[in-house]
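Below: one structure, written as structure tokens.
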Amino acid sequence: MSLHLEHLNPEQLSAVTLPDEHALILAGAGSGKTRVLTTRIAWLVKGGRVAPAGILAVTFTNKAAREMLTRIGAMMTVNPRGMWIGTFHGLCNRMLRAHAREAGLPSAFQILDSQDQLAAIKRLSKSMNVDEERFPPRELQYFINDRKEEGVRARDVPPADENTRRVTELYAAYDEQCQREGVVDFPELLLRSYELLARNEILREHYARRFRHILVDEFQDTNRLQYRWLKLFRSQDAQYFCVGDDDQSIYTFRGAHVGNMGDFEREFKVKHVIRLEQNYRSHGNILDAANALIANNRNRLGKNLWTSAGKGEPVRVFEGESDNDEARWIVEEVQSLARDGTRLSHIGVLYRSNAQSRVVEHALFSQGIPYRVYGGLRFFERAEIKHALAYLRLIAMPDDDNAFLRVANFPPRGIGARSIEQLQDAAKLAGASLMKVADGKAAAFKRLIEDLRSQTQGLPLKEVVEAVIAKSGLIEHYKNEREGADRIENLEELVNAAAAFTEEERVNESGETIDPLTAFLTHAALEAGEHQAGDGQEALQMMTVHSAKGLEFDVVFITGLEEGLFPHEQSVTEPEGLEEERRLAYVAITRARHRLYLSHAQTRMLHGQTRYNIPSRFLEEIPQELMKWLTPRFSRQKPFTPDFSRQTRTTLPRPARDVGGFRIGQNVMHPKFGPGVIIDAEGHGNDARVQVNFGNLGVKWLAVAVAKLQAA
DNA sequence: TACTTTGTCCTTTTT
DNA sequence: GGACAAAGTA
């Protein structure tokens, strides 16, 4: 039950024990950020500087929030219940539930996840006869979410042009639809909570008086609205403690605004910016590689990680002939590491995009190496679970048209597209929900839901869920389906999840208990359920670089370091995009404790066709003396000869066709465009043309007779 | 109405 | 290669 302040380095200690002033902590990767944050909270509370109820601590992920609670719990005996610790969305939800009426919401309001939101937008577009070619639902969704995350309502969008005017009209209609149906999307949780406090001075003052210490994790990832939300609690006595790392900002594409760090420093007149630069995770060479790479970014607050650990091993670099070759090599290395005693769960294979996992999975599978892929379809996002949840939602909130449409005819009960259309017309006319106007065959469905509601009234959550999956006909339906067994298993798992959901008595600020079904549905929406089957088992860890943030591994593989992939082709056109890619690479490198592997492949199957990529510029930006090439460095010069000795190869590159002295797949040098790789060719002799991928300079067709191309 | 086949489109994504 | 939606068929 000790804080172990003596184990902190001077910077950590000064951050933890900072007197009453606002603070910005620039915490580098592996510098003990979470430790500082949690020790600070424990130090404040244990020292009697603040009551637990005076703490507001915000993170981005449920995982980080749980981790924080656990660590704080281990440092003190005080019940951390009184503290507000959670994600932005979780805390906003808590606030909206407590003041639903003031916020203009039904007390059992439901939360739409991104999938649900998209479905709602599609439905709206249909009902308003929107041309989906001109206004793709996806883009409407982005538009709406971007505006909400800027704190901008439809009425506040400047009608720049006809297009914007129309899109804004749809934004307004979408919000009306949500309001009518009693549902709230993710960004709405934030915005609604913000508006509630901004308009209700009494409420705002209440919370501003209450929260004396506001601590923010991953501050570089906050968007503009989140920052404004945080500022609502500002008062004479409130102190802000924001921890972040601008070099690890990898979510600007989602609206994160790194500028919040500078704004905070200025607006709160932060006297001391504390830099945590000592890294306790990685060996020297790995850190040097990361530092050298990130030094290429111009937009930085400036920070250099160091370690007292030794240099360690060099960074190992591998060039594969193909993605399959790369995968085969990974498998071999993993096997050899495992033989030498490295635990599989301490090895991470990272990639830029999810599509890359397949090839590696295939290779691992064929060699019988257990692995776990993160970030796939999550438990509460599975179709069968969503169906079951839709029934539950209709019990809690009959006006939820989203839920109605999802299951009115699932399992099929003869309510076809025609009947649905008629219902929608009637509902529109009456200004009511689909459930209200349900007649004909739909009336039977309505009765089913009503019966379920009355029969499960007051029953324990577990029995409610059991009743729903039995009486809805879901189980019956999946029994007859070819691959229904897994789905039935998942539905049974949902019953277990409901049974385990004994969340401490839900009491809101006004002392009313919140209905357990609503609490469970909220839980399902906010925590999509990262836990997977076979969670704690010994397995190789595979994930995108994005989802690796905050994690660490003894051994890390960063794969697919190729121009167009990493950095991604859709990011290299803008300098900011490229810098974000570089930060992403920085995050990837700094996940490694002892050993780091980097790899790229000459050819790769993408979207069903072979692509020829040149090595990533990031490989050039790491000093060569830190690296050890396992294959000859950028062995582009060697003519491409398939190696048949490798048994595991599943596909062979296309046979080389000679065109004007060049071959597809060959690496070339152009006097103006620099290095490139030939990806296509046509014609013969003097008419021969080749298509060359020059990486960030793009893909060009060149006439061999004219262009001064040289074999590189 | 419900199941099968063909045509389009591809980043990353904590909540 | 694979997800998803529109078009085609029983």
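Within every chain, numbering begins at 1; the chains are lettered A, B, ... in the order of the sequence lines, protein sequences first and strands thereafter.
Residue side chain H89(A) fails the stacking definition with respect to dT15(B), as its ring centre and the base's six-membered ring centre are not both under 5.5 angstrom apart and under 30 degrees in plane angle. The aromatic ring of F253(A) stacks onto the base of dT12(B), its centre lying under 5.5 Å from the centre of the six-membered base ring with the two planes under 30° apart.
One N or O on the side chain of D131(A) and one on the backbone of E133(A) form a donor-acceptor pair closer than 3.5 Å.
When heavy atoms are screened at a 4.0 angstrom cut-off, F88(A) is found touching no nucleic acid atom at all. Residue S114(A) is in base contact, counting any heavy-atom pair closer than 4.0 Å across all strands shown. Within 4.0 Å (heavy atoms only), R352(A) reaches at least one base atom of the nucleic acid. Across all strands shown, D113(A) has no heavy atoms under 4.0 Å from either base or sugar-phosphate atoms. Within 4.0 Å (heavy atoms only), E581(A) reaches at least one base atom of the nucleic acid. Among the heavy atoms of the strands lying under 4.0 Å from S419(A) are primed sugar atoms or P, OP1, OP2 only; no base atom is included. Residue A64(A) is out of contact with every strand shown, counting any heavy-atom pair closer than 4.0 Å.
Taking the six-membered ring for Trp and the full ring otherwise, the centers of H477(A) and F410(A) sit less than 6.0 Å from each other. With ring centers used as reference points, Y207(A) lies under 6.0 Å from W84(A). For H257(A) and Y227(A), the ring centers are positioned 6.0 Å apart or more. In summary, the aromatic rings of F253(A) and H546(A) are positioned with their centroids under 6.0 Å apart.
The CZ atom of F410(A) sits 12 Å away from the C1' atom of dA2(B) (whole-angstrom rounding). Protein atom CG of L578(A) is 18 Å distant from nucleotide atom P of dT12(B), rounded to whole Å. Across the protein-nucleic acid pair, R254(A) atom CZ and dT14(B) atom P stand 8 Å apart, rounded to whole Å. Regarding Y251(A), its OH atom lies at a distance of 12 Å from the C1' atom of dT11(B), rounded to whole Å. If you take CG of N354(A) and P of dT11(B), they are 10 Å apart, rounded to a whole angstrom. Nucleotide dT15(B) holds its P atom 13 Å from the CZ atom of F380(A), rounded to whole Å. dT15(B) atom P lies 18 Å from atom CG of L225(A), rounded to whole Å. Atom CD in E139(A) sits about 9 Å away from atom P in dC10(B), given to the nearest Å.
Set against dT1(B), dT11(B), dA2(B), the side chain of N409(A) has dA2(B) as its closest nucleotide.
Looking at which nucleotide of DNA chain B each of A355(A) and E381(A) is closest to, the 5′-most match is held by A355(A). The 5' end of DNA chain B is approached more closely, in terms of each residue's nearest nucleotide, by H477(A) than by the other of H477(A) and T544(A).
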Output a table of nitrogen or oxygen pairs between the protein and nucleotides 2-10 of chain C separated by less than 3.5 Å.
residue: dA5(C); atom: OP1; partner: K122(A); partner atom: NZ; Å: 2.7

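At the phosphate of dT14(B), OP1 or OP2 sits under 4.0 Å from a side-chain N or O atom of R378(A). Distances shorter than 4.0 Å separate none of the side-chain N or O atoms of R138(A) from OP1 or OP2 on dT8(B).
The partner of dT12(B), taking Watson-Crick or G-U wobble pairs whose two distances both stay under 3.5 Å, does not exist in any strand shown.
dC4(C) and dT13(B) are spaced 16 Å apart, taking the P atom of each and rounding to whole Å.
Side-chain contact annotation: R192(A) with Y194(A), donor-acceptor N/O pair under 3.5 Å absent.
For E132(A), there are no salt bridge (Lys or Arg N to Asp or Glu O under 4.0 Å) partners, not counting sequence neighbours.
Considering all non-hydrogen atoms of both residues, R224(A) and N260(A) come closest at N-ND2, 4.3 Å.
Note: F618(A) and F566(A) have perpendicular aromatic rings, judged against thresholds of 30 and 60 degrees for the angle between ring planes.
Base orientation of dT8(B): anti (glycosidic angle beyond 90° from 0).
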